[in-house]
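Keep in mind that the numbers below use all heavy atoms, side chains included, and drop hydrogens, waters and symmetry copies.
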Amino acid sequence: MKRQKRDRLERAQSRGYQAGIIGRSKEFCPYQSVDARSHWLGGWRQAMEDRSVMA
């Protein structure tokens, strides 16, 4: 996998995590491509888990 593509997917996951931490709904995912969307949702899910542990 090329570094550029990996960086894009890592960024998508990071942005998903940030959205989840502040409590945004997963419907706010800005990505259309399957790969980026799945990474964003993975970050979002992780943030939801982390929020439930902190609460």
Side-chain angles (χ1 to χ4, degrees):
M1 182 184 274
K2 292 182 180 179
R3 179 185 172 102
Q4 183 179 12
K5 185 173 183 182
R6 186 174 59 240
D7 289 346
R8 247 185 314 180
L9 297 177
E10 288 172 1
R11 192 175 326 117
Q13 184 165 5
S14 174
R15 289 183 176 168
Y17 186 86
Q18 292 168 6
I21 284 295
I22 64 171
R24 281 211 155 147
S25 169
K26 66 181 178 182
E27 277 74 41
F28 283 102
C29 178
Y31 296 96
Q32 300 301 317
S33 77
V34 174
D35 284 345
R37 186 172 185 83
S38 110
H39 277 77
W40 190 94
L41 289 170
W44 182 86
R45 281 188 213 97
Q46 184 62 50
M48 288 293 126
E49 287 178 23
D50 291 352
R51 283 182 56 162
S52 68
V53 170
M54 284 190 260

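Remark: E49 engages Q46 in a side chain to side chain contact (heavy atoms under 4.5 Å, CB included) (not counting sequence neighbours). Q32 meets the side-chain hydrogen bond (donor to acceptor under 3.5 Å, both in side chains) test with no other residue; sequence neighbours excluded.
Nearest approach of A19 to W40, heavy atoms of both residues: CB-CZ2, 3.6 Å. What you find for R51 and I22 is that their closest heavy atoms are NH1-C, 3.8 Å. Closest heavy-atom contact between I21 and A47: N-CB, 3.5 Å.
The distance from the CH2 atom of W44 to the CZ atom of R37 is 11.5 Å, given to the nearest 0.5 Å. Here the CE atom belonging to M48 is positioned 10.0 Å from the OH atom belonging to Y17, to the nearest 0.5 angstrom. Atoms CZ and NE2, from R15 and H39 in turn, are 14.5 Å apart once rounded to the nearest 0.5 Å. From Y31, atom OH reaches atom CZ of R8 across 10.0 Å, with rounding to the nearest 0.5 Å.
Side-chain contact check for M54 versus D50: some heavy-atom pair is nearer than 4.5 Å.
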